[in-house]
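None of these values were measured; they are calculated from a predicted model.
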Amino acid sequence: FIAHHMVFSRKLVLEMLAQIDDDGKWYKKIIKAVQIDDSYENRSSFSEYETYGHYVKATHPEEINLRTLKWANVQFEPSIYTISRLASVFDYSCFHSYQLDRLIDRSIVSRLRYYYYFEYWLRRKRRQQK
């Protein structure tokens with residue numbers, strides 16, 4: 001249930017919190033339920049998306065619409081060219097600033113190399129989708 005986009009119903013969130021909460025301290029119960037351990041294998045974490053998604057699926061299955069979308073985290077600049085090319089393969093794409101390969105050299109050779117690498121990356125992703 002972890003997604004880049006998800007619609008939350010205020011009514012269902014309040015209902016879920018009321019079921020968790022009997023003393024006004026639902027957040028303390030969540031913190032207590034999360035294991036703190038130094039070893040990676042024994043680490044436990046919390047996700048509001050997972051909690052909400054599983055709650056709605058269990059209590060209001062008619063309210064949920066699960067879809068499998070084709071998506072990619074993209075390390076290229078979000079230009080008109082890259083976005084239009086990505087749209088032919090993916091339902092949505094994410095451009096995270098920490099993943100972007102910035103063009104420093106704006107020469108024509110550098111830009112051609114950049115677009116060649118992008119097209120190569122896109123072909124690989126398209127094959128993985130099949």
Check whether any side-chain heavy atom of Val74 lies under 4.5 Å from a side-chain heavy atom of Thr82, and answer yes or no.
-> no
Can you tell me if NZ on Lys29 sees more than 12 non-hydrogen neighbours from other groups inside 6.0 Å?
-> yes
With distance as the sole test, does Tyr55 use its side chain to make a donor-acceptor pair with the main-chain N or O of Val13 at under 3.5 Å?
-> no
Separation of Met16 CE from His60 NE2 (nearest 0.5 Å) = 11.0 Å
If you count the non-hydrogen atoms of other residues, nucleotides and ligands that lie under 6.0 Å from CG in Leu112, is the total more than 12?
-> yes
Any side-chain heavy-atom pair of Ser9 and Glu15 under 4.5 Å | no
Assign the ring pair Trp121 / Phe90 to parallel, tilted or perpendicular, where the plane angle (0 to 90°) is split at 30° and 60°.
-> tilted
Interatomic distance, CD@Glu119 vs OH@Tyr81, rounded to 0.5 Å, equals 3.5 Å
For residues Tyr117 and Arg113, determine if any side-chain heavy atom of one lies less than 4.5 Å from a side-chain heavy atom of the other.
-> no
When rounded to the nearest 0.5 angstrom, what is the spacing between CZ in Phe118 and CZ in Arg123?
-> 10.5 Å
Find the distance between NE2 (His54) and CD1 (Ile64) and round it off to the nearest 0.5 Å.
-> 9.0 Å
Near-ring test Tyr49/Phe8, centroid separation under 6.0 angstrom | yes
Would Leu12 end up clustered with Leu66 when hydrophobic side chains under 4.5 Å apart are linked, directly or stepwise?
-> yes
Same apolar cluster (I L V M F W Y, side chains within < 4.5 Å links), Leu122/Ile83 = yes
Does the side chain of Lys125 come within less than 4.5 Å of Gln128's, by heavy atoms?
-> yes
Check: Trp71 main-chain N/O paired with Asp91 side-chain donor or acceptor under 3.5 Å = no
